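In what follows, a single structure is set out as structure tokens and then discussed.
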Amino acid sequence: MSRIGEHPILEYTKGKRVSFTFDGKVIQGYEGESIASALHAAGIRKLHESEVKRRPRGLFCAIGNCSSCLCRVDGRENVRICIEPLREGMRVESQNSKAVLRPADPAGSIRQEETIQTDVLVIGGGPAGLNAAIESASHGLKVVMLDRNSLLGGQLNKQTHKFFGSEKAKAGTRGFVIAQELEEKLAGYGSVDVQKETTALGYFKDGTVMAESKGRVCSYRAKATIIATGASERTLIFPGNDLPGIYGAGAVQTLMNIDGIMPGQTAVMVGGGNIGLIVSYQLLQAGVAVAAVVEAAPHFGGYQVHANKLRRAGVPILTGHTVKYAFGGDSLEGVVITALDEHFNPVPGTEQTIKADILCMAVGLSPMTEMFFQAGCDMKFIPQLGGYVPRIDEYHRTSVPGLYAAGDAGGVEEATSAQLTGRIAALCAARDLGAADDFDREFADLQSQLSELRAGPLGQKILSGLDRMKDEGGVSYGKF
Ligand SMILES: Cc1cc2nc3c(=O)[nH]c(=O)nc-3n(C[C@H](O)[C@H](O)[C@H](O)COP(=O)(O)OP(=O)(O)OC[C@H]3O[C@@H](n4cnc5c(N)ncnc54)[C@H](O)[C@@H]3O)c2cc1C
Ligand code: FES
């Protein structure tokens, strides 16, 4: 692994060069990049071993969702090193599944007794959360926004291609530029307190939200809380699927597009939807060979324009294929793929071995719904929206008073709709708090933008999911 030199779109600005140790070995990296990225740049993918079988384990999501990168940092257990910014002199150690819970710090530094009061609490600073915070502030409300990452923007930060859609939806602008613009806009509102590197841990019955930031526990009490925690990437079940070098597509994007690191030399992409096709092209832009895109369905699901770019670059898109198993020692060395029949059963004798050090999974996302479950929201299983989602009404209110859902957390869609649902949830919260004077006009405008977006071919799945939600007593049923 190495750092990307020239990139056709991106320029990487780096912090100062720093030294740190990993299991006693001195390693160099750049201040502010994640510890996991610095380790990858130094060729270290194995971060720890599983407890029973001592299998090597590495990074999977690179956005703090999956826990596969937990390490001990300066004596602190269970640090997600994929979102922990690197600093000079850090001591990073493999936990090897043996985290030790330490007693509470007698100096009291892990607890903050004071509860922070606000009008609106936004949990998650991706496109949905950023828009929710901006919308709330534009109605004169006091806002606190939490994000566990040091970088706001969520998945948008990694998206280097120009967005499709209408001008209002920022068509023609690259995803990471949209994230920067939203953050700048948010900074223009003095009534917003942005708390980065702060993870919301729990939503209590009285509406209190507990969060952790750098070893401190904080609590928040808001008149309205908007949950915009996004979605986590799925994987597939096959032998060897835990080897370091098998990543969610978003993790590969983080390494390449945020930290400028080559995730490896040769990749196999699993999934022919838009994410799989776009990330495959981004791998080529970073100088990584893409041996194949493997898609189980008889047709790929992404836009033709993305597929054409890959085919022109000589990347085969193998529909009706899946991964049989992955192999390697301390990290991935290759995969065996197989053809599938019309019932998705492997066809004997069609196996092919592909040497690869990256297997990238773009096989769907599941909404991050833990906080809704904790809050006691009425939850529904709606496959078209990604799995379990909170039942919401047309104002994005959950069944728990004062609790709203926005973005992928309320149903997996895409970045532009996440922005719109963030604004809708915040507008409706402002109305419920008596702060939205021109509610009807703005609500109708946002709803019409969302309908226009969903009128496209990929919107059909979402619309059928929303129909199912309607049948379950949500969406157009208005009030609970
Ligand atoms: C690999 C990949 C590629 C994609 N490519 C495209 C694309 O090309 N075009 C497109 O339109 N869409 C794309 N999408 C989808 C799009 O990025 C998402 O739909 C969109 O980012 C959802 O926005 P969100 O704000 O709901 O969630 P996210 O962008 O996921 O943001 C959620 C935020 O919440 C924070 N968070 C989560 N849990 C907590 C917690 N407990 N406490 C504090 N903070 C928390 C996270 O750190 C994150 O910043 C892609 C998604 C992925 C995974
Ligand atoms: S939490 Fe770090 S890789 Fe998923």
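Note that the structure is predicted; figures quoted are calculated from it, not measured. Note that ligands are numbered from 1 as they come in the structure, with each ligand's atoms numbered from 1 the same way.
- Of the protein's heavy atoms, Gly124 CA, 3.3 Å lies nearest to atom 34 (O) of ligand 1.
- Considering CG of Leu151 and CZ of Phe176, their distance stands at 11.5 Å, rounded to 0.5 Å.
- Rounded to the nearest 0.5 Å, atoms CG (Leu427) and NE2 (His396) are 11.0 Å apart.
- At a 4.0 Å cut-off, not a single heavy atom of Leu152 sits close enough to ligand 1 to count as contact.
- Expressed to the nearest 0.5 Å, how far CD of Gln419 lies from CG of Leu446 amounts to 11.0 Å.
- In the vicinity of Ala228, heavy-atom distances shorter than 4.0 Å reach the ligand 1 atoms 32 (C), 33 (C), 34 (O).
- For atom 24 (P) of ligand 1, the candidate residues are Gly64, Gly250, Pro127; the nearest heavy-atom contact is made by Pro127.
- Taking a cut-off of under 4.0 Å to the non-hydrogen atoms of Gly407, the atoms of ligand 1 that pass are 26 (O).
- At least one N/O/S atom of Cys82, whether from backbone or side chain, sits less than 2.8 Å from atom 2 (Fe) of ligand 2.
- No side-chain donor-acceptor contact under 3.5 Å links Ser399 to the backbone of Cys377.
- Counting heavy atoms only, Gln159 comes closest to atom 14 (N) of ligand 1 of the residues Gln155, Gln159, Met145.
- The nearest protein atom to atom 45 (C) of ligand 1, hydrogens excluded, is given as Arg148 CG, 4.0 Å; this is a heavy-atom distance.
- Under 2.8 Å from atom 2 (Fe) of ligand 2 lies no N/O/S atom of Cys61, from backbone or side chain alike.
- Proximity annotation for atom 2 (C) of ligand 1: of Ile275, Val412, Asn149, Ile275 comes nearest, heavy atoms only.
- Summarising the geometry, atom CD belonging to Glu135 is positioned 13.0 Å from atom CG belonging to Leu130; distances are rounded to the nearest 0.5 Å.
- Within ligand 2, the atoms closer than 4.0 Å to a non-hydrogen atom of Gly64 are 1 (S), numbered from 1 in the order shown.
- Residue, atom and distance of the protein heavy atom nearest to atom 27 (O) of ligand 1 are Gly230 CA, 3.2 Å.
- Expressed to the nearest 0.5 Å, how far CG of Asp193 lies from OH of Tyr220 amounts to 7.5 Å.
- The residues Glu212 and Arg148 are annotated as not salt-bridged, no charged nitrogen and carboxylate oxygen being separated by less than 4.0 angstrom.
- Atoms of ligand 1 lying under 4.0 Å from any heavy atom of Leu365, numbered from 1 in the order shown and given with element: 53 (C).
- Between Phe373 and Tyr388, the ring-plane angle classifies as perpendicular under the 30° and 60° cut-offs.
- Using a 4.0 Å cut-off between charged side-chain N and carboxylate O, Arg397 and Glu394 make no salt bridge.
- Proximity of a side-chain donor or acceptor of Asp119 to a complementary backbone N or O of Lys223 within less than 3.5 Å is not detected.
- In this structure, the protein non-hydrogen atom closest to atom 31 (O) of ligand 1 is Gly126 CA, 3.4 Å.
- The proximity of Gln253 to ligand 1, defined as any non-hydrogen pair under 4.0 Å, is limited to the side chain.
- Residue-level proximity to ligand 2 for Asn65 is carried by the backbone, the only part with a heavy atom below 4.0 angstrom.
- Against a heavy-atom cut-off of under 4.0 Å, Ala418 is close to the following atoms of ligand 1: 22 (C), 23 (O).
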Ile63 vs Gln155, side-chain contact (heavy atoms from CB on, under 4.5 Å): CA-CA, chis, key distance, verdict: CA-CA 8 Å; Ile63 194 170; Gln155 300 284 9; 4.0 Å; yes

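- When the options Thr229, Thr198, Ile278 are ranked by their closest heavy atom to atom 37 (C) of ligand 1, first place goes to Thr229.
- Taking every heavy atom of Leu59 and a limit of under 4.0 angstrom, the matching atoms of ligand 2 come to 3 (S).
- Residues Arg57 and Asp242 are paired through a salt bridge, judged by an N-O separation under 4.0 Å between the basic side chain and the carboxylate.
- Pairing each heavy atom of Ile4 with each of Met256, the nearest pair is CD1-O, 3.8 Å.
- Ring geometry for His7 against Tyr12 counts as perpendicular: the plane angle is over 60°, on a 0 to 90° scale with 30° as the lower cut.
- Nearest protein heavy-atom contact of atom 41 (N) of ligand 1 is Ala200 O, 3.1 Å.
- For the ligand labelled ligand 1, residue Asn274 lies outside the 4.0 Å heavy-atom shell.
- The single protein non-hydrogen atom nearest to atom 25 (O) of ligand 1 is Ala128 N, 2.9 Å, given as residue, atom name and distance.
- Residue Asp408 touches ligand 1 through backbone and side chain together, judged by heavy-atom distances below 4.0 Å.
- Heavy-atom proximity to Phe60, at under 4.0 Å, picks out these atoms of ligand 2: 3 (S).
- What you find for Ile134 and Leu182 is that their closest heavy atoms are CD1-O, 3.6 Å.
- Side chain of Thr421 to backbone of Gly407: a donor-acceptor contact under 3.5 angstrom is found.
- Here the heavy atom of the protein found nearest to atom 35 (C) of ligand 1 is Asp147 OD2, 3.3 Å.
- Nearest residue to atom 1 (S) of ligand 2 from Ser67, Ala251, Gly250 is Ser67 (criterion: closest heavy atom).
- Less than 4.0 angstrom separates some heavy atom of Cys69 from each of these atoms of ligand 2: 1 (S), 2 (Fe), 3 (S).
- For ligand 1 and Gly154, the ligand atoms under 4.0 Å from any heavy atom of the residue are 29 (O), 31 (O), 48 (C), 49 (O).
- The CG atom of Leu277 lies 7.5 Å from the NE2 atom of His306; values are rounded to the nearest 0.5 Å.
- With a 4.0 Å heavy-atom cut-off, ligand 2 is reached by the backbone of Ala62 but not by any atom from C-beta on.
- With hydrogens left out, the protein atom closest to atom 12 (N) of ligand 1 is Ala415 N, 3.4 Å, a heavy atom.
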